[in-house]
2 protein chains.
Amino acid sequence: MSKARVILQNITSANLLMNNVDEWKSTVNNRGVVLYLSFMKGCTSEDVSKIVKQILQSKSISTGLDSKQAICELDNFDIVIVPQASIAGKLKDKNFQYYQLIDKDTGLQLYEHFVKEVHSMMTGREGNVIISGTYGNRQGLQFSSDGPYCHIFEV
Amino acid sequence: MSKARVILQNITSANLLMNNVDEWKSTVNNRGVVLYLSFMKGCTSEDVSKIVKQILQSKSISTGLDSKQAICELDNFDIVIVPQASIAGKLKDKNFQYYQLIDKDTGLQLYEHFVKEVHSMMTGREGNVIISGTYGNRQGLQFSSDGPYCHIFEV
């Protein structure tokens, strides 16, 4: 059983809706990622710390022809974090079921922990912009991508 | 073992780069989905037909407060199909490995079959725009979404 599902998507720019209505936050660096995430039942704070490390330390960002780097090694890089319960769904017949999705209160705590850990791991790097969506809000999103070069982490 | 991975993402609009350079195709209906897809070793044309049915017949589109509909029941709906080998990757230590990804020639055939089946299943519906990326090309993509309300199909 996985503890979390994360989709990582390379972007050149993104705007995320912050307040359900009209407040958008924008990236600035012309390169970055959007991370959609959802947590499964049984996931703990400790798991979240490991998951953040796994994502930010994996060689997932193309920086040259054959060269790949980890997010935590990059300056002037944008990270947009989007809570996204729907990716926890499993198709059964014609409907998505969410038996494995964590309850909302625990999910909120883990989400806040995830965001905090991302900030902490990127401390010391320069010019990075980290934008995190509001848990439970509508996640209005616009993005542009060269790729989109997308990865799924089932961790 | 799954035969394919598909990410379905709700959108209000999208532009997809068709020729690696400057030719973009745009959606028109103000609602639709982007489908990222990759095929795994062992996937056949027959599997692809089943997968298309599964995706287009699943109740994955919110059309009201608690109401969900299948794509194949919708008029004036946009479908953007994006070949996306990178989602077949599996994280091992710090690198993504692609042992399960299908070879390029078979992947191209299955991709073309997938696109054809989507067109065929949407025949008779009105006002739908179907845009499919060119296999092997850079998939430049821009999109806007209210959600983004995203699903993973592991089929």
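Just so we're on the same page: letters track the sequence lines, and every chain starts at 1. This is a predicted model, so every value here is computed, not measured.
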Are A/Tyr111 and A/Val155 co-members of a hydrophobic cluster defined by side-chain heavy atoms under 4.5 Å apart?
yes
In terms of ring plane angle, is the pair B/Phe96 and A/His151 parallel, tilted or perpendicular, where the classes change at 30° and 60°?
parallel
In terms of heavy-atom proximity below 4.5 Å to chain A, should B/Ile7 be classed as side chain, backbone, both, or neither?
side chain
Heavy-atom cut-off 4.5 Å, strictly under: side chain, backbone, both or neither for B/Tyr36 against chain A?
side chain
In terms of hydrophobic clusters joined by side-chain contacts under 4.5 Å, are A/Leu35 and A/Phe153 together?
yes
Of all the residues in residues 69-93 of chain A, which have a heavy atom that comes within less than 4.5 Å of a heavy atom in chain B?
A/Val82, A/Gln84, A/Ser86, A/Ile87, A/Gly89, A/Leu91
Counting heavy-atom pairs under 4.5 Å with chain B, the top scorer among A/Ser58, A/Ser60, A/Pro148 is A/Pro148
Of the listed B/Gly147, B/Ser145, B/Cys150, the one with the largest count of heavy-atom pairs under 4.5 Å with chain A is B/Cys150
Heavy-atom closest contact (A/Lys94 atom, B/Gln57 atom, distance):
CD-O, 3.6 Å
Is B/Leu37 reachable from B/Tyr149 through a run of hydrophobic residues whose side-chain heavy atoms are each under 4.5 Å from the next?
yes
Quick one: which residues of residues 136-144 of chain A reach chain B at under 4.5 angstrom, heavy atoms only?
A/Arg138, A/Gln139, A/Gly140, A/Leu141, A/Gln142, A/Phe143, A/Ser144
Greatest number of heavy atom pairs closer than 4.5 Å to chain B - which of A/Gln9, A/Gln54, A/Lys68
A/Gln9
Look at the side-chain heavy atoms of Ile, Leu, Val, Met, Phe, Trp and Tyr, link any pair under 4.5 Å apart, and say whether B/Val129 and B/Leu56 land in one connected group.
no
Hydrophobic cluster identity match, B/Ile152 and B/Val33, side-chain contacts under 4.5 Å:
no
